[in-house]
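Because the structure is predicted, anything quoted here is derived from the model rather than measured. What you see below is based on every heavy atom in this structure, not just the backbone, and it leaves out hydrogens, waters and symmetry mates.
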Amino acid sequence: MSPRRAPRIAPSILACDFARLGEEVQAIEAAGADWVHVDVMDGHFVPNLTIGPEIVKAVKRSTALPLDVHLMIEAPERSLEDYVRAGASTIGVHAETCPHLHRTVGQIHEAGARACVVLNPGTPAEAIAPVLPDVDQVLVMTVNPGFGGQKFIESMLPKIETIRGWIDESGRDVALEVDGGIGPETVVRAAAAGADVFVAGTAVFGAEDYAAAIEGLRRDAAQA
């Protein structure tokens, strides 16, 4: 079986105060965050438009934490190297946008980053199976991507359990991440299903005490 890591918390800057981006990133680092989750949206694959490589570069200048960059964009193979050069430690691409998924995973590795494949709620776990031996991370979306603050989709729990089983059978150290509606209650269910990395937006940036929010999520996940 693959080793089960302690829970890692990756606050999503989509929920931060962008007028104070550098300060917010430094604040979550000081508060004990493990990673910084960066949502890149193109207004085509998802109905929102967010940031590009220059903002990723600015975030990188503000923190020593790994940048977990989630590309919710069409044809990610055309620009993923720009995000790696900007400072991304991990690049997440959607199975739904990559007709040559194995090639794209290889391209991420060649660029020098960890490779993550992301599954939308409507995409079955089987979509990850052909590339599972090649990825460093799988991200199961527990909301439909595009906007923060959505409600956790409970029916994603069996998908998380299925992928956790495959990872354990493989014996590989593959992170299993969840993103969407993660808070004090849902983090327990996601962790019990097998997730070990938790993206949290409003649950962290909407809290008065970032450190207490992050530690609370980590503690709840560890007890699941």
**Message:** Run the side-chain hydrogen bond (donor to acceptor under 3.5 Å, both in side chains) test against Arg103 and tell me which residues pass, sequence neighbours left out.
**Reply:** none
**Prompt:** Under 4.0 Å between a Lys/Arg side-chain N and an Asp/Glu carboxylate O for Arg189 and Glu154?
**Reply:** yes
**Fill in**
On a heavy-atom basis, the closest approach of Leu119 and Ile163 is CD1-CD1, 3.9 Å
**Asked** Judged by atom type as modelled, is there a donor-acceptor pair below 3.5 Å linking the side chain of Asp196 to the main-chain atoms of Leu176?
**Response** yes
**Prompt:** Apart from Val197 itself, what residues make up its hydrophobic cluster, given side-chain heavy atom links below 4.5 Å?
**Reply:** Trp35
Distance-only donor-acceptor pairs under 3.5 Å for side chains of residues 71-78, two or more places apart:
none

**Prompt:** Can a donor-acceptor pair be found between the side chains of His109 and Asp134 at a distance below 3.5 Å?
**Reply:** no
**Prompt:** Can you tell me if Thr63 and Glu29 form a side-chain donor-acceptor pair at under 3.5 Å?
**Reply:** yes
**Val199 vs Val178 side-chain heavy atoms within contact, under 4.5 Å** = no
**Prompt:** Measuring from Thr104:OG1 to Ile91:CD1, what's the distance to the nearest 0.5 Å?
**Reply:** 12.0 Å
**Asked** Which residues satisfy the salt bridge (Lys or Arg N to Asp or Glu O under 4.0 Å) test with Asp42, sequence neighbours excluded?
**Response** none
**Request:** Could you note down all residue pairs passing ring-ring contact (aromatic ring centres under 6.0 Å, His included) where residues 205-224 supplies at least one of them, sequence neighbours left out?
**Result:** Phe205-Tyr210
**Message:** Among residues at least two apart in sequence or on other chains, which ones pass side-chain hydrogen bond (donor to acceptor under 3.5 Å, both in side chains) with Gln107?
**Reply:** none
**Asked** When you look at NE2 of His102, are more than 12 heavy atoms from neighbouring residues, nucleotides or ligands closer to it than 6.0 Å?
**Response** no
**Salt bridge present between Glu161 and Arg164 (N-O < 4.0 angstrom)** = no
**Prompt:** In chain order, what residues pass the side-chain hydrogen bond (donor to acceptor under 3.5 Å, both in side chains) check against Thr50, with sequence neighbours excluded?
**Reply:** none
**Prompt:** For the atom pair CG (Asp68) and OG (Ser89), what is the distance rounded to the nearest 0.5 Å?
**Reply:** 8.5 Å
**Fill in**
The complete set of ring-ring contact (aromatic ring centres under 6.0 Å, His included) pairs with one or both residues in residues 155-182, sequence neighbours excluded, reads none
**Prompt:** What pairs of residues pass the ring-ring contact (aromatic ring centres under 6.0 Å, His included) test when at least one of them lies in residues 52-86, not counting sequence neighbours?
**Reply:** His37-His70, His70-His94
**Prompt:** Who are the side chain to side chain contact (heavy atoms under 4.5 Å, CB included) partners of Ala111, not counting sequence neighbours?
**Reply:** Leu80, Glu81, Val84
**Request:** For Ala222, check side chain to side chain contact (heavy atoms under 4.5 Å, CB included) against everything at least two apart and list the hits.
**Result:** Pro7
**Request:** May I ask you to test the Asp39-Val69 pair for a side-chain heavy-atom distance under 4.5 Å?
**Result:** no
**Message:** Any non-hydrogen side-chain atom of Glu24 less than 4.5 Å from a side-chain atom of Phe18?
**Reply:** no
**Prompt:** Taking only residues two or more places apart in sequence, or in another chain, which ones meet Thr142 in a side-chain hydrogen bond (donor to acceptor under 3.5 Å, both in side chains)?
**Reply:** none
